[in-house]
Amino acid sequence: MAKNASTPEQQSVRVLKVGERVRHILSELLARGEAHDDVLRATNISVTEVRMSPDLRQAKVYVKPLLGEDEAAALKALRTNTAFFQKEVAQRLGLKFAPKLQFRADESFDEANRIESLLDDPRVKRDLDED
């Protein structure tokens, strides 16, 4: 009999659920200003996505400061306070192992804007209208 009776689909759903819980915990910590850092308290930061590794030990946290304000300073402050965030996430999740957090800038908004500007190009509109 197999030790782990769950299917790969159930495991991936669990990974997504844990990632979403981590996102909510981090968002709450940032919204309440619980980190003892002036930059983090002065900046509204959105946690847009958390991607967990299959073993739940690594978490890539994608963040975006409101209006893109001073993204480099916000990322530096988050990375400086990683230990605080990891401790809080570990306590609130109640997992056997706390995930190691890696804060990264969310580039998806920039990519969406780039695609939007390409679609607004008159040459592209002309090609789309021909269909």
Side-chain angles (χ1 to χ4, degrees):
M1 211 169 172
K3 285 183 180 180
N4 189 357
S6 64
T7 65
E9 292 82 16
Q10 290 170 328
Q11 289 175 346
S12 64
V13 168
R14 181 168 189 248
V15 169
L16 291 172
K17 284 183 178 179
V18 171
E20 191 61 16
R21 285 190 59 207
V22 171
R23 188 181 74 78
H24 280 279
I25 291 167
L26 292 172
S27 294
E28 184 178 307
L29 290 170
L30 290 168
R32 291 184 178 176
E34 293 188 30
H36 301 292
D37 189 292
D38 294 335
V39 173
L40 294 178
R41 287 185 177 163
T43 308
N44 290 324
I45 300 172
S46 293
V47 180
T48 57
E49 183 181 6
V50 175
R51 293 183 189 165
M52 300 295 298
S53 64
D55 63 359
L56 303 177
R57 291 188 184 215
Q58 302 285 326
K60 293 178 183 171
V61 181
Y62 293 89
V63 297
K64 188 75 170 176
L66 187 64
L67 304 174
E69 294 177 355
D70 210 1
E71 193 171 88
L75 273 173
K76 182 179 178 189
L78 287 167
R79 290 173 179 157
T80 301
N81 290 285
T82 298
F84 165 76
F85 289 115
Q86 285 180 181
K87 181 178 134 264
E88 289 295 319
V89 167
Q91 287 177 348
R92 296 174 191 213
L93 271 182
L95 292 174
K96 185 175 182 180
F97 297 101
K100 183 175 185 245
L101 304 177
Q102 299 172 349
F103 291 99
R104 298 177 179 206
D106 187 348
E107 304 295 335
S108 63
F109 295 102
D110 298 331
E111 184 65 14
N113 287 337
R114 187 183 74 76
I115 292 170
E116 188 68 32
S117 68
L118 286 173
L119 291 173
D120 283 340
D121 185 303
R123 294 173 294 178
V124 173
K125 284 186 176 184
R126 181 191 67 221
D127 290 344
L128 290 175
D129 289 340
E130 288 177 3
D131 291 341

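All values below were derived from every heavy atom in this structure, side-chain atoms included, with hydrogens, water molecules and symmetry-related copies excluded. This one's a predicted model, so the numbers in the text were calculated from it and none came from an experiment.
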Show the nearest heavy-atom pair for residues Gln86 and Ala98, with the distance to one decimal.
O-CB, 4.4 Å
Is the closest side-chain heavy-atom distance between Val22 and Val47 below 4.5 Å?
no
Tell me every residue that passes ring-ring contact (aromatic ring centres under 6.0 Å, His included) with Tyr62, counting only those two or more places apart in sequence or in another chain.
none
Is Pro99 close to Leu93 at the side-chain level, that is, under 4.5 Å between some pair of heavy atoms?
yes
Indicate yes or no for a side-chain donor-acceptor contact from Arg51 to the backbone of Lys60 under 3.5 Å, with no hydrogens or angles considered.
no
Apply side-chain contact (heavy atoms from CB on, under 4.5 Å) to Ala73 and list each qualifying residue two or more places apart in sequence or on a separate chain.
Val39, Asp70
In chain order, what residues pass the side-chain contact (heavy atoms from CB on, under 4.5 Å) check against Thr80, with sequence neighbours excluded?
Lys76
Contact list for residues 25-49, test ring pair (Phe, Tyr, Trp, His ring centres under 6.0 Å), sequence neighbours left out:
none
Residue pairs passing the side-chain hydrogen bond (donor to acceptor under 3.5 Å, both in side chains) test with at least one member in residues 19-31, sequence neighbours excluded, are Glu20-Arg23, Glu20-His24, Glu28-Arg32, Glu28-Arg92
Is there a side-chain contact between Val63 and Leu26 (heavy atoms, below 4.5 Å)?
no
CG/Asp106 to CD1/Ile45 distance, rounded to the nearest 0.5 angstrom?
13.0 Å
Is any side-chain heavy atom of Val15 less than 4.5 Å from a side-chain heavy atom of Leu56?
yes
Rounded to the nearest 0.5 Å, the CG atom of Leu78 sits from the CG atom of Leu101 at a distance of 10.0 Å
Take a 6.0 Å sphere around CG of Asp38 and say whether it holds more than 12 heavy atoms from other residues, nucleotides or ligands.
no
If the condition is side-chain contact (heavy atoms from CB on, under 4.5 Å), which residues does Asn81 pass it with, not counting sequence neighbours?
Asp37, Leu40, Phe85
Side chains of Arg57 and Lys100, heavy atoms from C-beta outward: is any pair under 4.5 Å?
no
